[in-house]
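Encoded as structure tokens, the structure appears first; notes follow it.
No hydrogens, no waters, no symmetry mates; every other heavy atom, side chains included, goes into these values. Every chain is numbered from 1 and lettered A, B, ... according to where its sequence line falls, protein lines coming before strand lines.
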Protein chains: 2
Amino acid sequence: MRSVGQKAELLRVIAHPARLRILEELTKGVKCVSDFEEFLEISQPNISQHLSLLRSHGIIDYYMDGRLRCYFLIDPVIPDILELLGKDYPEALPAPACCPVTKRGKYPGERRR
Amino acid sequence: MRSVGQKAELLRVIAHPARLRILEELTKGVKCVSDFEEFLEISQPNISQHLSLLRSHGIIDYYMDGRLRCYFLIDPVIPDILELLGKDYPEALPAPACCPVTKRGKYPGERRR
DNA sequence: TAAAAATATAATAATATTTGAATGTATGAC
DNA sequence: GTCATACATTCAAATATTATTATATTTTTA
């Protein structure tokens with residue numbers, strides 16, 4: 001069970017366009033750094049920095065293959081989150097029945113409904 | 001369909017402990033600012049700032065009831081994300097079949113497997 | 001109409017994130 | 001052993017986020 005702080009931390013770490021694209025690619029399979037260089041328009045050191053951040057938070061890992069570093073996903077919540085983000089929600093949530101009582105509902109005076 | 005930039009933006013906006021707690025409360029129902037004051041240990045102006053950020057990104061909205069501002073959820077992806085974050089994943093993702101070919105797989109020389 | 005309650009806004013200071021540039025390291029090819 | 005490749009690390013500058021303090025706004029009550 002993740003604490004609310006851990007949840008926020010996880011979201012913060014993946015909440016970046018480059019890191020999201022990296023993670024989207026990794027849901028499809030293993031990729032090495034130079035693979036990412038082909039579709040991310042950022043510098044190689046910057047890619048390494050993003051990969052390093054993801055790895056230090058236990059989201060991805062890698063194995064070595066010669067001089068290639070082959071990265072892959074390890075945190076199972078990631079594919080689920082990415083799927084949700086790609087989902088289309090045609091409707092907003094239903095408006096609340098006007099006007100439910102909040103805890104401060106004992107507020108003095110008449111409610112105007 | 002959200003762009004990768006929009007996905008990152010959404011995650012960034014909710015990736016904060018106070019905002020996550022606000023959103024968790026709002027999945028249960030309408031709450032006004034002073035309700036949040038009772039369980040968030042942060043100042044009232046700070047709560048207002050978090051609420052304002054969430055609202056400016058179309059995640060929540062409010063209606064007025066006298067001098068109470070009653071906030072509620074409108075973005076339907078939020079309850080789904082919160083549910084995922086609360087879910088327990090006992091297993092890491094399966095390690096990749098060692099060693100799949102990356103795009104740079106044509107790397108000169110023998111692969112050591 | 002004056003005071004209080006509920007909340008927002010603005011300005012600022014502290015801190016964290018992001019990127020770029022330069023440099024470092026390990027491996028394989030020759 | 002030397003060179004090139006693939007990648008990481010470090011540092012610093014630019015930028016963004018966060019929390020605090022003070023003040024403003026709106027509505028309701030007295």
Side-chain angles (χ1 to χ4, degrees), chain A residues 5 8-22 30-38 40-57 60-72 99 101-113, chain B residues 5 8-22 30-38 40-57 60-72 99 101-113:
Chain A
E9 178 93 344
L10 170 66
L11 293 178
R12 187 178 58 76
V13 168
I14 70 176
H16 185 287
R19 295 196 289 270
L20 279 181
R21 296 197 62 192
I22 286 171
V30 176
K31 291 277 181 308
C32 67
V33 180
S34 30
D35 292 328
F36 295 122
E37 286 189 71
E38 288 175 21
L40 296 177
E41 300 100 61
I42 60 181
S43 67
Q44 174 271 315
N46 198 192
I47 293 176
S48 274
Q49 287 162 347
H50 288 304
L51 289 169
S52 169
L53 183 68
L54 290 169
R55 196 172 96 90
S56 71
H57 284 81
I60 64 178
D61 203 355
Y62 66 86
Y63 59 82
M64 296 297 299
D65 181 13
R67 47 192 170 187
L68 300 180
R69 237 176 235 223
C70 302
Y71 282 90
F72 55 93
C99 306
V101 181
T102 68
K103 224 172 165 186
R104 277 292 173 92
K106 296 102 180 168
Y107 177 69
E110 266 317 300
R111 285 300 183 79
R112 298 168 316 161
R113 296 280 146 98
Chain B
E9 179 91 343
L10 170 66
L11 293 178
R12 187 178 59 76
V13 168
I14 70 175
H16 185 287
R19 295 197 290 270
L20 280 181
R21 296 196 63 192
I22 287 171
V30 176
K31 290 274 181 310
C32 67
V33 180
S34 30
D35 291 329
F36 295 122
E37 286 189 72
E38 288 174 21
L40 296 178
E41 300 100 62
I42 60 179
S43 67
Q44 173 272 316
N46 199 191
I47 293 176
S48 273
Q49 285 163 347
H50 288 304
L51 289 168
S52 169
L53 183 68
L54 291 169
R55 196 174 95 91
S56 72
H57 284 82
I60 65 179
D61 204 355
Y62 67 84
Y63 60 82
M64 296 298 298
D65 180 13
R67 48 191 168 187
L68 300 180
R69 239 176 233 221
C70 302
Y71 281 90
F72 55 93
C99 305
V101 181
T102 68
K103 224 173 166 188
R104 277 291 174 90
K106 296 103 183 167
Y107 178 70
E110 266 315 301
R111 285 302 183 81
R112 299 167 316 161
R113 296 282 147 99

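- We find that CG of B/Leu53 is positioned 11 Å from C1' of D/dT18, with the value rounded to whole Å.
- Between atom CG of residue B/Leu53 and atom CZ of residue B/Arg19 there is a gap of 5.0 Å, rounded to the nearest 0.5 Å.
- Summarising the geometry, the separation between OH on B/Tyr63 and C1' on C/dA6 is reported as 15 Å, rounded to the nearest angstrom.
- To the nearest 0.5 Å, atoms CD1 (A/Ile47) and CG (A/Leu40) are separated by 5.0 Å.
- Contact between the side-chain N/O atoms of B/Ser34 and the OP1/OP2 oxygens of C/dT7 is found at a separation under 4.0 Å.
- The side chain of B/Arg12 lies closest to D/dT17 when the candidates are D/dT17, D/dC7, C/dT7.
- Residue-to-nucleotide contacts include no donor-acceptor pair under 3.5 Å from the side chain of A/Gln49 to the base of C/dT17.
- The separation between A/Leu68 atom CG and D/dC7 atom P is 5 Å, rounded to whole Å.
- Nucleic acid contact for A/Phe36: none, since no nucleic acid atom lies under 4.0 Å from a heavy atom of the residue.
- For the OP1/OP2 pair of D/dT18 and a distance below 4.0 Å, the side-chain nitrogens and oxygens of B/His50 include no atom meeting the criterion.
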Show your reasoning for whether side chain to side chain contact (heavy atoms under 4.5 Å, CB included) applies to A/Phe36 and A/Ile42. CA-CA 9 Å; A/Phe36 295 122; A/Ile42 60 181; over 6 Å; no
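- In this structure, the nucleotide among C/dT18, D/dT9, C/dT7 sitting nearest to the side chain of A/His16 is C/dT18.
- No donor-acceptor pair closer than 3.5 Å links the side chain of A/Arg69 to the backbone N or O of A/Tyr62.
- Here the closest non-hydrogen pair linking B/Ala8 and A/Leu20 is N-CD1, 3.4 Å.
- With distances taken from any side-chain atom of B/Ser43 to the nucleotides D/dC7, C/dA8, D/dT21, the minimum falls on D/dT21.
- Using a 4.0 Å heavy-atom criterion, one finds that A/Arg19 contacts the sugar-phosphate atoms exclusively.
- Between the CZ atom of A/Arg69 and the C1' atom of C/dT27 there is a distance of 12 Å, rounded to whole Å.
- Atom CD1 in A/Ile47 sits about 15 Å away from atom C1' in D/dT9, given to the nearest Å.
- Taking atom CD of B/Glu41 as the reference point, atom C1' of D/dT20 lies 17 Å away to the nearest angstrom.
- As a whole-Å value, the separation of B/Asp65 CG from D/dT27 C1' is 12 Å.
- The side chain of A/Pro45 lies closest to C/dA21 when the candidates are C/dG20, C/dA21, C/dA8.
- For B/Tyr71 and C/dA8, the shortest distance from a side-chain N or O to OP1 or OP2 is below 4.0 Å.
- Put simply, CD on A/Gln44 is 12 Å from C1' on C/dT23, counting in whole angstrom units.
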